[in-house]
Amino acid sequence: MAECLKATAEAIERAGAAIREGRLAGFPTETVYGLGADATDDKAVASIFEAKGRPRFNPLIVHVADFAEAEKYCVFNAEAEKLARIFWPGGITLVLPRRADTPLSLLVSAGLDTVAIRVPAHETARALIKVAKRPLAAPSANPSGKVSPTCAAHVMEGLGSAPQLAFVLDGGPCPLGLESTVIGFPQGIPTLLRPGAVARDEIETVLGRPLMDADAARGEEGRASPGQLESHYAPGSPIRLNAREVAEDEVLLAFGPDAPDAKTSMNLSASGDLGQAAANLFAMLRALDAKAQGRRIAVMPIPMTGLGEAINDRLKRAAAPRESKG
């Protein structure tokens, strides 16, 4: 069983040492908890896939200390550099061409010639990168396809018994609670590969032009981003989206001030605040799943504006048929 440690300087040192030894460490970021390994160590990266039960064709995000380090591993175009300068450290991931001499494992790229990379803002994540002295390959710290973890207890619940996992650093709940936004550049065109913690309109304002949508991307770019499998972020209970009424055999994930009465319900944001809803999404899905006891989770409509695009993306994938895992 992994050790769950409060994210003190001593605990971060122990986790960093474990990563240098090729083991895994769970750690908080501003988005969700990550399952970190040395991104230059093939065996360590492979152990991420083993611990999560993750398909090998699903790439991983590499977390680095700053822009200068990111430049060692991938090639930035002008628009990618502009986004990095504005949004890093923070909740945006860029998918860029790998440098020919990069030491990053090919497994983090799932065999593609691109790498997904970001600079996290959370102080524990940044301290761990510094102490480990390695770029960290780090998908969300949960079994593949299941609800993402937003606190240390979620990580322990899902992966605590994984033999590859040495430590989980408890840095409290994730302030954003939604995975990073992923931007790629197929044919040089900035493309929203995965909506997330940074809203589309913020990115488009910086670029001065609209983002292409992921379904318009061609070839392998469509799988260059994590979180693109049809069924993903899924609780054990079935989900019904855009519910305006609640049946007797359902529990309710509500949104806004006009939620219908339900015996078992949780409200993402009673005031209709999309930022609050994003931060609560995964924790509330987990809590309702535990309470459902065979019932379905009914989910009220979420506006498609701002962070609502990312919330709806996660809910759509959570509600998708479960034949494939992500």
Side-chain angles (χ1 to χ4, degrees), residues 1-29 31-56 58-66 68-70 72-74 89 93 98-99 101-111 115-120 122-144 148-149 151-172 174 226:
M1 177 67 72
E3 287 188 68
C4 187
L5 306 172
K6 186 176 180 180
T8 62
E10 179 183 357
I12 292 170
E13 288 281 355
R14 292 178 67 188
I19 285 172
R20 289 194 301 275
E21 294 166 1
R23 301 184 70 190
L24 307 183
F27 65 96
T29 78
T31 57
V32 299
Y33 271 69
L35 182 63
D38 178 356
T40 68
D41 182 334
D42 288 336
K43 186 175 180 180
V45 174
S47 71
I48 291 177
F49 291 92
E50 292 165 359
K52 284 177 61 73
R54 183 183 179 95
R56 293 293 176 95
N58 204 1
L60 307 178
I61 294 174
V62 176
H63 295 67
V64 296
D66 51 34
E69 184 181 359
K72 297 177 182 178
Y73 307 129
C74 54
T93 293
R98 293 169 58 103
R99 290 194 180 276
D101 60 349
T102 180
L104 296 177
S105 169
L106 278 171
L107 280 176
V108 300
S109 299
V115 61
I117 198 162
R118 86 176 182 102
V119 177
H122 198 288
E123 61 181 21
T124 299
R126 296 177 64 78
L128 182 60
I129 293 169
K130 182 178 179 180
V131 167
K133 299 178 182 178
R134 302 287 192 278
L136 299 184
S140 56
N142 57 291
S144 188
S148 296
C151 69
H154 296 162
V155 183
M156 292 298 294
E157 177 186 341
L159 295 177
S161 61
Q164 302 88 347
L165 182 60
F167 300 104
V168 175
L169 296 173
D170 187 351
C174 299

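One is the number of the first residue; the rest follow in order along the sequence.
Considering OG of Ser140 and CD1 of Ile61, their distance stands at 9.0 Å, rounded to 0.5 Å. The structure places CG of Leu136 at 9.0 Å from CD1 of Ile48, a figure rounded to the nearest 0.5 Å. One finds the NZ atom of Lys72 at 11.5 Å from the CG atom of Asp101 (value rounded to the nearest 0.5 Å). The CG atom of Leu5 lies 15.0 Å from the CZ atom of Phe27; values are rounded to the nearest 0.5 Å.
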Atom pairs and distances, side-chain donor-acceptor, residues 158-170, under 3.5 Å, sequence neighbours left out:
unit_1, atom_1, unit_2, atom_2, d
Asp170, OD1, Gly172, N, 3.0

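Remark: the backbone N or O of Asn142 is paired with a side-chain donor or acceptor of Lys52 at under 3.5 angstrom.
Residues meeting the side-chain contact (heavy atoms from CB on, under 4.5 Å) test with Cys151, sequence neighbours left out: Ala153, His154. Residues passing the salt bridge (charged side-chain N to carboxylate O under 4.0 Å, His left out) test with Glu3 are Arg14, sequence neighbours excluded. For Ala127, the side-chain contact (heavy atoms from CB on, under 4.5 Å) criterion is met by Ile12, not counting sequence neighbours. Glu157 meets the side chain to side chain donor-acceptor pair (under 3.5 Å) test with no other residue; sequence neighbours excluded. Every residue two or more places apart in sequence or in another chain that forms a side-chain contact (heavy atoms from CB on, under 4.5 Å) with Ala65 is listed here: Glu69, Ile129. For the side-chain contact (heavy atoms from CB on, under 4.5 Å) test, residues two or more places apart in sequence or in another chain that qualify with Ala39 are Val62, Leu104, Val108, Pro135, Ala137. Qualifying salt bridge (charged side-chain N to carboxylate O under 4.0 Å, His left out) partners for Arg126, counting only residues two or more places apart in sequence or in other chains: none.
When all heavy atoms are compared, the tightest approach of His122 to Gly171 is NE2-O, 4.0 Å. Of all non-hydrogen atoms in Arg98 and Ser109, the two that sit nearest each other are NH1-OG, 2.9 Å. Taking all atoms of both residues into account, the shortest heavy-atom contact from Leu107 to Phe49 is O-CZ, 3.7 Å. Nearest heavy-atom pair across Ala138 and His63 is O-CE1, 3.2 Å. Of all heavy-atom pairs between Gly22 and Ala44, the closest is O-CB, 3.7 Å. In this structure, Val32 and Pro149 approach most closely via the heavy-atom pair CB-O, 3.3 Å.
Screening residues 16-25 for salt bridge (charged side-chain N to carboxylate O under 4.0 Å, His left out) gives no qualifying pairs among residues at least two apart or on separate chains. Each side chain to side chain donor-acceptor pair (under 3.5 Å) pair with one or both residues in residues 32-45, not counting sequence neighbours, appears once here: Asp38-Thr40, Asp38-Arg134, Asp42-Ser105.
By the 4.5 Å heavy-atom criterion applied to side chains, Thr31 and Arg118 are counted as neighbours.
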